[in-house]
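Below you'll find the structure, written out as structure tokens, and then a few comments.
Every heavy atom of this structure was used, including side-chain atoms; hydrogens, water molecules and symmetry mates were not. Quick note: residue numbers are just sequence positions, from 1. Predicted model, so just to flag it, every value in this text is computed and none were measured.
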Amino acid sequence: MLEPEHPSNEPDRTFRLIDIIRRIKSLILLSILLLVIFMIWRQFFSDSAEKKELTTVETSSRLEKVLQISELSTYQVTFNGVADVTDDSGVLLYHTAYNAQVSIGLAMDQIKVSIDDTDPENKLMQVTLPDAEIADVNVDPGSLDYIFKDRNADTADVSVTSLPSCIADAEADCRSNEELFTLARENAVRTVEALMQPFLAQNKEYTLKIAGKGGAPYVS
């Protein structure tokens, strides 16, 4: 006797398999889409941060160039002195009276500008200046006058041989005069303020700070 035929379950299994495959594909596509979205947002924020940092760096660099090409020799003084000229063994040959122009300035390539814009409404621009130093000593040859201890030192080239001693004497005396360097620093600050004024006028959220090494105030 023949057994009655039972309906086959194969179509149901086939449909369930197809449904599972579709769901897997959907999950894969969704995962890929989420990954793409994540990468786009990550790239967007990364580019924005890099652009912001680059803008800050570029601004600092441009402001540095403005200061570095400007005249910041800051202070000149006319100095009158008397130098002792000796021979190689240290024996005094003569005294030389002289007039000199002494320039006190800054090493331009050491000027640095940094910007802190962590607070968008109160940004800080710091200009860091190097120490003031003697930049040049120009002795006037026509001002030289001599008092000879050794008459044999009165030669035709005495005005040339006496110049190094006059320069050294002027440098030594100026280095011991702190007031000259204070005036030079004050002039440097005023010059920086004037040069940065156009930028500050257009960017009112910035505050200017002028500092020396280690962030200390440049003028006490």
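Counting only heavy atoms from C-beta outward, the side chains of Ser165 and Asp84 never approach each other to under 4.5 Å. Inter-residue side-chain proximity for Leu67 and Glu64 is flagged as unmet; no heavy-atom pair is nearer than 4.5 Å. Within the 4.5 Å cutoff, the side chain of Ile210 has no heavy atoms near those of the Val219 side chain. The closest side-chain heavy-atom distance from Leu180 to Tyr75 is below 4.5 Å. The shortest side-chain heavy-atom distance between Asn187 and Arg190 falls under the 4.5 Å cut-off. No side-chain heavy atom of Leu208 sits under 4.5 Å from any side-chain heavy atom of Phe199. Side chains of Ile111 and Leu129 form a contact here, defined as non-hydrogen atoms less than 4.5 Å apart. Two residues are said to be in side-chain contact when any heavy atoms from C-beta on lie closer than 4.5 Å; Asp169 and Val82 fail this criterion.
Atoms CG and NZ, from Asp131 and Lys213 in turn, are 4.5 Å apart once rounded to the nearest 0.5 Å. For the atom pair CG (Asn203) and CG (Asp117), the distance works out to 11.5 Å, reported to the nearest 0.5 Å. From Lys149, atom NZ reaches atom CD1 of Ile147 across 11.0 Å, with rounding to the nearest 0.5 Å. In this structure, CG on Leu106 lies 10.0 Å from CZ on Arg185, to the nearest 0.5 angstrom. Atom CG of Asn80 sits about 4.0 Å away from atom CG of Asn99, to the nearest 0.5 Å. The line from OG1 of Thr161 to CG of Asp87 is 12.0 Å long, rounded to the nearest 0.5 Å.
Minimum interatomic distance between Val137 and Ala170 (heavy atoms only, all atoms of both residues): CG1-CB, 3.9 Å. Contact detail for Lys112 and Asp109: the closest heavy-atom pair is NZ-O, 4.2 Å. In this structure, Ile134 and Cys174 approach most closely via the heavy-atom pair CD1-CB, 3.9 Å. Between Gln126 and Gly215 the shortest heavy-atom distance is NE2-CA, 4.3 Å. In terms of heavy-atom proximity, Ala135 sits nearest to Gly105 at CB-N, 4.1 Å. Of all heavy-atom pairs spanning Glu133 and Phe181, the tightest one is CA-CE2, 3.9 Å.
The aromatic rings of Phe148 and Tyr94 sit tilted relative to each other, their planes meeting at an angle between 30° and 60°.
In this structure a side-chain-to-backbone donor-acceptor pair under 3.5 Å is missing from Tyr146 to Ala97.
In the hydrophobic cluster analysis, where Ile, Leu, Val, Met, Phe, Trp and Tyr join through side-chain heavy atoms closer than 4.5 angstrom, Leu200 is grouped together with Ile115. Each of Val192 and Leu124 belongs to its own hydrophobic cluster when Ile, Leu, Val, Met, Phe, Trp and Tyr are linked at side-chain heavy-atom distances under 4.5 angstrom.
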*CA sep, side-chain torsions, deciding dist, call: Leu183, Glu186, side chain to side chain contact (heavy atoms under 4.5 Å, CB included)*: CA-CA 5 Å; Leu183 291 171; Glu186 291 175 350; 3.9 Å; yes
*Apply the test side chain to side chain contact (heavy atoms under 4.5 Å, CB included) to residues Leu144 and Val139: give CA-CA distance (whole Å), side-chain angles for both, the deciding distance (0.1 Å), then the verdict.*
CA-CA 9 Å; Leu144 300 180; Val139 175; 4.0 Å; yes
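Other residues, nucleotides and ligands place no more than 12 heavy atoms under 6.0 Å from the CD atom of Glu179.
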